[in-house]
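Computed from a predicted structure; not experimentally measured. For ligands, and for the atoms within them, numbers begin at 1 and follow the listed sequence.
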Amino acid sequence: MKYSSQMVAKNYFIFALILLAGEVLFGLILGTQYISGDFLFPEIPFNVARMVHTNLLIVLILFGFMGAAYYLVPEESERELWSPWLAKVTFWIFAAAGVATILGYLLVPYATLAELTYNNLLPTMGREFLEQPTITKIGIVIVALSFILNIGMTVLKGRKTVITVVLLTGLLGLAVFFLFAFYVPDNLVLDKFFWWYVVHLWVEGVWELILGAILAFVLIKVTGVDREHIDKWLYLIIAMTLISGIVGTGHHFFYIGTPDYWLWIGSIASAVEPLPFFMMILYAFTMAKQRRIDHDNKIALTWAKGTAVMAFLGAGVLGFLHTLAPVNFFTHGTQLTAAHGHLSFFGAYIMILFTIISYAMPIMRGRVHGNGVKAQKVELASFWMMVIGMLGITSALVIAGTMQVFLQRVGVDVLSFMDTQAEIIPVYTVRLLFGLMTLAGLLAYFYSFFVKEEGK
Ligand code: HEM
Ligand code: HEM
Ligand SMILES: [Fe+2]
């Protein structure tokens, strides 16, 4: 490790992985409830489990991004972190607030949680992904500001690279768009309209910049390819992302009460969105081919290539599947949406965290050349188990969604929502089995940390 302050990233990475285990566990609870509705009722109702599942996902990605930034920014900027102390303190504040919020979801009814946290003073609760009590949201803003101050000062005072500039832009965007979580208009159409300013402009806008920057950093390290070469790709990908992604928000404004012109704008702009994801595949594989060094940490490169491919499949292919207005008319809010949500979040934002963790963690643990051969073998097995598990979950959901559309939405003699769900239960059983495989893969990943190196 070049700079001792990079070490602060370790806690962030470990905590992100623990939250990921919780997320997958709650996914399995949800998957079981789809088959047997009374499972764990009344202790953990579906709506609560869902909230815990998705909120853990968001929070773990935030922890992962912070860890990634704290690790790579000092190295890129060629100086110590502006304030390692601040980074350590914010970790504990954020971790405590996160745990308290999840416990709040699980231990008291949501309405009571709203009352206890004085939601009436500034109502922001109750929207998907943004269910956190207002006070937690304020905490997130404070943590984000201190984090950006720390990263920003390090970047400004040190060497500026394309990677750090892109990363910082992404992080600033992340913080700015989160502010829309505080704007909850009474009008339901406006409410939904601005809700997407957080959700869409995060995942299909500024988070993609963060993803691109982390991917570029790891690729430079493990391939030894010239920075100038990688920078050109990064510029191109980022430009394509922003051009298509910002206007592409229109694909959420088709049938929610917004004007008709969104049908055209949303369809056309978002149809371009798969391109930057496709370019990431070309970029990762070209770099791997042109590599100048044979880094001993082979698995980090595997994760990097895997991220590019899976993000393209989840976001690019499954996203495109329902992004044209005439298709979305039938598929909106079905299991096809869930299929896309799972593979895109996993392929892009969970896998990029595995990429940076697999590169950085061995170094932080004193293994500068990466883990030993045996540990990397276990990690490779975990890679495939998780990738196949998530592909299995999403394939099942694509089948479930297609059945749902045809049974419930096409023609006149259609089934009700619940009758349709009953027909799909066999497919949900397959989903659950692949979910178990994903969990097994994650456990194998954890185990790889404890594999002893030969001769030690
Ligand atoms: C890292 C892995 C996972 C990620 C990234 C993930 C992500 C997500 C996301 C983004 C949603 C919201 C989807 C939407 O609104 O369309 C969701 C909901 C859900 N997830 Fe996961 N999930 C993961 C693992 C699992 C597993 C292993 C299972 C079960 C086997 C599962 C089952 C569910 C269910 C049943 C829902 C609720 C869908 C609904 O409301 O109908 N998830 N997950
Ligand atoms: C990594 C990037 C992406 C992530 C993490 C992501 C995630 C999600 C999630 C979780 C939802 C469900 C939200 C909800 O209603 O609860 C969603 C919806 C949607 N996504 Fe994405 N997405 C990504 C990229 C894309 C791309 C590139 C496209 C188009 C090419 C796309 C098209 C759509 C559409 C059309 C919907 C609305 C589905 C509906 O009407 O039910 N997404 N996305
Ligand atoms: Fe979107």
Anything under 30° is parallel, anything over 60° is perpendicular, the rest tilted; go ahead and classify [X] against [Y].
| X | Y | answer |
| --- | --- | --- |
| Phe178 | Trp202 | parallel |
| Phe193 | Tyr197 | tilted |
| Trp195 | Phe129 | parallel |
| Phe63 | Tyr12 | tilted |

Any carboxylate oxygen within less than 4.0 angstrom of a Lys/Arg side-chain nitrogen, looking at Glu379 and Lys298?
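Here Glu379 does not pair with Lys298 in a salt bridge, since their nearest N and O are not under 4.0 Å apart.
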Tyr34 N/O to ligand 1 N/O under 3.5 Å
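By distance alone, the answer is yes.
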Looking only at distance, does Thr438 have an N or O less than 3.5 Å from an N or O of ligand 1?
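No, Thr438 has no N/O under 3.5 Å of an N/O on ligand 1.
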Of all the N, O or S atoms in Glu204, which one sits nearest to the Fe ion (ligand 3)?
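The atom in question is OE2.
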Provide the atom name of the closest N, O or S atom of His252 relative to the Fe ion (ligand 3).
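The nearest such atom is NE2.
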Below a 4.0 angstrom heavy-atom separation, can you tell me which part of Arg50, side chain or backbone, both or neither, approaches ligand 1?
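Arg50 to ligand 1: side-chain contact only, backbone stays beyond 4.0 Å.
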Counting only heavy atoms, which portion of Ile393 has something under 4.0 Å from ligand 1: side chain, backbone, both, or neither?
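Only the side chain of Ile393 comes within reach of ligand 1.
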Atoms in ligand 1 with a heavy atom of Met390 nearer than 4.0 Å
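Answer for ligand 1: 2 (C), 3 (C).
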Need the ligand 1 atom indices (1-based, order shown) with element for anything under 4.0 Å from a heavy-atom of Gly435.
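Here the atoms of ligand 1 in question are 27 (C), 30 (C).
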Proximity of [X] and [Y] rings by center, below 6.0 Å:
| X | Y | result |
| --- | --- | --- |
| Phe446 | Phe450 | no |
| His251 | His322 | no |
| Tyr349 | Trp207 | yes |

Using heavy atoms and a cut-off under 4.0 Å, could you grab the residues that are in contact with ligand 2, chain by chain, numbers ascending?
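Within 4.0 Å of ligand 2, protein side: Glu128, Phe129, Trp196, Val203, Glu204, His251, His252, Ser270, Glu273, Pro274, Phe277, Ala315, Gly319, Phe320, His322, Thr323, Asn328, His332, Gly333, Thr337, His340, Gly341, Ser344, Phe345, Ala348, Tyr349.
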Main-chain N/O of Thr337 paired to His342 side chain as donor or acceptor, under 3.5 Å
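No, because the side chain of His342 does not come within donor-acceptor range (under 3.5 Å) of the backbone of Thr337.
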So, for Glu423 and Met403, which heavy atoms are closest and what is the spacing to 0.1 Å?
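Of all heavy-atom pairs spanning Glu423 and Met403, the closest is O-CE, 3.8 Å.
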Taking backbone and side chain together, does Glu273 place any N/O/S atom at a distance below 2.8 Å from the Fe ion (ligand 3)?
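Given the 2.8 Å cut-off, Glu273 does not count as a ligand of the Fe ion (ligand 3).
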Heavy atoms from other residues, nucleotides or ligands near OH of Tyr255 exceed 12 (cutoff 6.0 Å):
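Enclosed: over 12 neighbouring heavy atoms sit under 6.0 Å from OH of Tyr255.
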Between ND1 of His200 and NE2 of His251, what angle is found at the Fe ion (ligand 3), rounded to 10 degrees?
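Here the angle at the metal atom is close to 100°, to 10°.
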